[in-house]
There are 2 protein chains.
Amino acid sequence: MAENAGTRAQIIDAANRLFYVKGFEHTSFAAIAETVGISRGNFYHHFKSKDEILGAVIESRLRSTRAMLAEWDQEEPGPAERVRRFVEIVITNGTDIQNFGCPVGTLTNELAKLGHPARAQAVSVFDLFRTWLRTQFEELGFAVEADVLAMHVLAFSQGVATVSNAFHDGEFVQREVDRLHAWLDERLAHGPAPRSAH
Amino acid sequence: MAENAGTRAQIIDAANRLFYVKGFEHTSFAAIAETVGISRGNFYHHFKSKDEILGAVIESRLRSTRAMLAEWDQEEPGPAERVRRFVEIVITNGTDIQNFGCPVGTLTNELAKLGHPARAQAVSVFDLFRTWLRTQFEELGFAVEADVLAMHVLAFSQGVATVSNAFHDGEFVQREVDRLHAWLDERLAHGPAPRSAH
DNA sequence: CAGGAGCTAGGACGATTGTCCTAGCGAGGG
DNA sequence: CCCTCGCTAGGACAATCGTCCTAGCTCCTG
């Protein structure tokens, strides 16, 4: 039972990476088995189907994303710094993003094209970031615009990821990060939009 | 020979659409054959391999993109209007983008994950837009920044496409388009960055 | 020590993949 | 008329896919 959880976790970790690097459909059971170092037939003792592995991978991503956001909540002094921390992901994970794009965006799109039922589950990772970003902007006083701003930051990261993946241009990423930081500065300087009169 | 070109064009058109809707790897010969209405074995009289079809599809996209940009050059009175026309693509093709994302960005990323040699060829479609946008900004007087601005507009479209595909939110797309139009207005009002002293 | 449950290895399965081969169709030129 | 050549249909092919079955191993429990 102890080894069970270990093998299961190893499968999820290997599948998580492979789904990102090679795509979900292009990742075969044989590739995951080879990575983990177990036999192909052994999978079905841990997962009933490939879709079930996908579900476990997405849940794993949800957990690690939640943990990362909670860590940022603790480490960063305020909401503005937290948003900046998010923006900097495209630099922190620069190499992976250049090679494979954004893990969330690319998986969501692949599942959309496959018509896969787990698409909605994959989008929920996006929702995690969206809600978290919205909370930061709300704490900054943007009660009405918070979600709009959150979506804008999300779109920024996806745009940078896709173009970075296409052109392999690190300077472009840095420029766009600087640009968004400047945009955020300006937004914070002008303050939130006035509430509608009661 | 007349029918040859017709069948070949039909195969390319069907593959072009299917590669976009279902992805390159998930699109089988059987699916293309069924769409066109020919037998599976007949493919190899027109194309030696699936990769050759992919090459023909990308070349077809290059041609149609070039034609579209040339049309915009004629129809729009000035470079500013042309950039706006590009920005509006995410609305014009809104439905397809919500369902399948951007054809260029998603194919490029898929080929990157597959390690496919045609990746560079797919990126050249991006290059077409990049160069064209750069030309527009140069005509607007942004000699130094032209390419930076072009890349920013490119990243905008990719970000909007990916987030639109994830959340199926048409209002978000419209808001971001308005935002970029406002950004462009401001850029044009302030004028280009001063040249360095000779 | 005996027994059972958890876990693993290895292979069989039907389906589907991209690729290739061959026989036959139909029109155009000698 | 006949023969050639572009084009097509249909199936064979080896490989790989996800799935499933079964026998054997290990280790904890009684």
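We name chains A, B, ... by the order of the sequence lines, and we start the count at 1 in each one. All values below were derived from every heavy atom in this structure, side-chain atoms included, with hydrogens, water molecules and symmetry-related copies excluded.
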Expressed in angstrom and rounded to an integer, what is the separation of [X] atom [atom1] from [N] atom [atom2]?
X: Arg40(A); N: dC20(D); atom1: CZ; atom2: P; result: 14 Å
X: Ile11(A); N: dT8(C); atom1: CD1; atom2: C1'; result: 11 Å
X: Glu34(A); N: dG10(C); atom1: CD; atom2: P; result: 14 Å
X: Ile38(B); N: dG6(D); atom1: CD1; atom2: C1'; result: 15 Å
X: Phe43(B); N: dG10(D); atom1: CZ; atom2: C1'; result: 14 Å
X: Asn42(B); N: dC7(D); atom1: CG; atom2: P; result: 10 Å
X: His46(A); N: dT8(C); atom1: NE2; atom2: P; result: 4 Å
X: Phe47(B); N: dT8(D); atom1: CZ; atom2: C1'; result: 15 Å

Quiz item: Thinking salt bridges, do Asp185(B) and Arg84(B) make one under a 4.0 Å N-O criterion?
Solution: yes

Considering residues, nucleotides and ligands other than [X], do more than 12 of their heavy atoms fall under 6.0 Å from its [atom1]?
X: Glu81(B); atom1: CD; value: yes
X: Glu75(A); atom1: CD; value: yes
X: Glu139(B); atom1: CD; value: yes

Quiz item: Roughly how far, to the nearest 0.5 Å, is CG of Asp127(B) from OG1 of Thr65(B)?
Solution: 12.0 Å

Practice problem: To the nearest 0.5 angstrom, please state how far the CZ atom of Phe172(B) sits from the CE atom of Met151(A). | Solution: 5.0 Å

Quiz item: Which residues, if any, of residues 17-29 of chain B bring a heavy atom under 4.0 Å of DNA chain C?
Solution: Thr27(B), Ser28(B), Phe29(B)

Quiz item: With sequence neighbours left out, what residues match Arg66(A) under salt bridge (Lys or Arg N to Asp or Glu O under 4.0 Å)?
Solution: none

Protein-nucleotides 25-29 of chain D N/O pairs under 3.5 Å:
none

Quiz prompt | Side chains of Glu25(A) and His26(B), donor plus acceptor under 3.5 Å | solution = yes

Self-check item: Test applied, side-chain contact (heavy atoms from CB on, under 4.5 Å); reference residue, Phe137(B); option that passes from Leu184(B), Val148(B), Val144(B), Asp147(B)
Solution: Leu184(B)

Exercise. Could you tell me whether the phosphate oxygens of dT8(C), OP1 or OP2, come under 4.0 Å of any side-chain nitrogen or oxygen in Thr7(A)?
Key: yes

Quiz prompt | Side-chain N or O of Tyr44(B) closer than 4.0 Å to phosphate OP1/OP2 of dC20(C) | solution = no

Self-check item: Nearest to side-chain heavy atoms of His45(B), which nucleotide of dA9(C), dC7(D), dC20(C)
Solution: dC7(D)

